[in-house]
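Counting starts at 1 for both ligands and their atoms, following the listed order.
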Amino acid sequence: MSFHSTVSPIRFENNQLKLLDQRYLPARLDDLVCDTLEQAAQAITDLVVRGAPAIGITAAYGVYLGYLQAQQDVTYDFEQALTRLRNARPTAVNLAWAVQQQQQLLTKNVGLSPAAMAEKLLDNAQAIHQQDLQDNIAMGDFGAALIEAGSRVLTHCNAGALATAGYGTALGVIRSAWSQQRLERVYASETRPWLQGLRLTAWELAHDEIPVTLIVEGAASSLFALQMIDWVIVGADRICANGDVVNKVGTANLAILARHYGVKVMVAAPLNTIDMATESGDLVEIETRAASEILAQNYAGNDYVSAWNPVFDVTPAALVSAIVTEKGVVLQPDSAKMQALFD
Ligand code: MRU
């Protein structure tokens, strides 16, 4: 049994990509409308849409929009535009994966009429979109089955409906576990500096009437020390061939704490978040965003105060109890078990 979220961050209607603008949640529910590949790429860079699966879906529609632009303007450099889209953010592998899916379609179908090719690209984007929702629901049920009744769980950042096609990876597991009455309490860390936990996770859980208790990230250790957590449940932006997990900065801190206090760590992510071409987490480019996201107005122009703003970190596979995918669960991941998922 699954508990369905009614939040949907991405819609494609009348040849327009409509993104729920996550920069303004929960204060405003505004759509940002994209008519071009460049607008879709900029929306990804600017965090209008964020979360690994959601940016992959956005990119798939972006390729379709770019193809239409190329048909209308012979001077349009489609290849360069695809590179811009692929590089809109560097860490979540779903973005490159989705662009590659569309590029493979273009290569395989050379010779098709532009109208037929456009239809194929749109169908494929819609299939990626719909498949993500189904994968989330499957992950939700696999993950929930691992959770004992009466559990208290802590999640980090937002790996929910807003980060995906509409159910969530980590929050999908939490939704399913909640609907099966396995959860006593859900905690969410606020997730600085963009506050995805505070602004997005708490909002969408409340929207679905799932109670949530927020903590500042610095409070996590106290929560573990007081034995108030049974599972840490997070999503992933990329999982490497050896099971290392790249996710929102602060995830590794929680996994280290969890190991210290004997708490289990679950990572929920679809197979298209697994990057078998990258052996381990140290090889992944970690996005560093502007210092101004931390400093805000406080120190503008002050030469003595700076900020370092990496937005992801690497949790070693050895600290992960379970990786949950749509194909099943990998307990204590390692290279052989990750490979087995694809055999
Ligand atoms: O910078 P963001 O908001 O795009 O980062 C997203 C995350 O890191 C999420 O926590 C998530 O686990 C990956 S997407 C389901």
Notebook entry, point to check: Closest non-hydrogen protein atom to atom 8 (O) of ligand 1, residue and atom name please, with distance?
Noted result: Asp237 OD1, 2.6 Å
Note to self: Distance alone, cut at 3.5 Å: any donor-acceptor contact between the side chains of Thr273 and Asn94?
What the structure shows: yes
Note to self: Counting non-hydrogen protein atoms only, what is the nearest one to atom 4 (O) of ligand 1? Give residue, atom name and distance.
What the structure shows: Arg89 NH1, 2.8 Å
Notebook entry, point to check: Are the charged groups of Lys18 and Asp31 less than 4.0 angstrom apart, N to O?
Noted result: no
Notebook entry, point to check: So which heavy atom in the protein is nearest atom 10 (O) of ligand 1, and how far is it from that ligand atom?
Noted result: Cys157 CB, 3.0 Å
Check: Which atoms of ligand 1 have any heavy atom of Ala159 under 4.0 Å away?
Finding: 11 (C), 12 (O), 15 (C)
Next item on the list: Run the numbers for me: atoms of ligand 1, each under 4.0 Å from some heavy atom of Pro53, listed by number.
Entry: 14 (S), 15 (C)
Item checked: Thr169 to ligand 1, any heavy atom closer than 4.0 Å -> yes
Item checked: ligand 1-proximal atoms of Trp194, by part, heavy-atom distance under 4.0 Å -> neither
Note to self: Just by distance, no angles: are the side chains of Arg89 and Thr45 close enough, under 3.5 Å, to form a donor-acceptor pair?
What the structure shows: no
Item checked: Shortest protein contact, atom 11 (C) of ligand 1 (heavy atom only) -> Asn247 OD1, 3.3 Å
Notebook entry, point to check: Among Arg289, Arg238, Lys248, which residue places a heavy atom closest to atom 5 (O) of ligand 1?
Noted result: Lys248
Next item on the list: Run through the side-chain heavy atoms of Ile, Leu, Val, Met, Phe, Trp and Tyr, join any pair under 4.5 Å, and report what else lands in Leu195's cluster.
Entry: Leu198, Leu214
Check: Is there a heavy atom of Glu287 sitting under 4.0 angstrom from any atom of ligand 1?
Finding: no
Margin query: Between Asp35 and Gln69, is there a side-chain donor-acceptor contact under 3.5 Å, judged purely by atom types and distance?
Written below: no
Check: Nearest protein heavy-atom contact for atom 14 (S) of ligand 1: which residue, which atom, what distance?
Finding: Ala52 N, 3.1 Å
Next item on the list: Under 4.0 Å, heavy atoms only, figure out whether ligand 1 is touched by the backbone of Ala236, its side chain, both or neither.
Entry: backbone
Note to self: What protein heavy atom lies closest to atom 9 (C) of ligand 1? Include the residue and the distance to one decimal.
What the structure shows: Asn158 O, 3.4 Å
Next item on the list: If you link ILVMFWY side chains whenever their heavy atoms are less than 4.5 Å apart, which other residues fall into the same cluster as Leu319? By chain and number, please.
Entry: Ile256
Checklist line | Given Phe12, Tyr61, Tyr64, the one that forms ring pair (Phe, Tyr, Trp, His ring centres under 6.0 Å) with His129 | finding: Tyr61
Next item on the list: Nearest 0.5 Å please: distance from the CH2 atom of Trp194 over to the CG atom of Asn158.
Entry: 13.5 Å
Notebook entry, point to check: What atoms in ligand 1 come closer than 4.0 Å to a heavy atom of Gly235?
Noted result: 12 (O)
Next item on the list: Assign the ring pair Tyr261 / Phe224 to parallel, tilted or perpendicular, where the plane angle (0 to 90°) is split at 30° and 60°.
Entry: parallel
Check: What are the atoms of ligand 1, with element, lying closer than 4.0 Å to any heavy atom of Gln196?
Finding: 1 (O), 2 (P), 3 (O)
Notebook entry, point to check: Which pair of non-hydrogen atoms, one from Gly66 and one from Phe78, has the smallest distance, and what is that distance?
Noted result: C-CE1, 3.4 Å
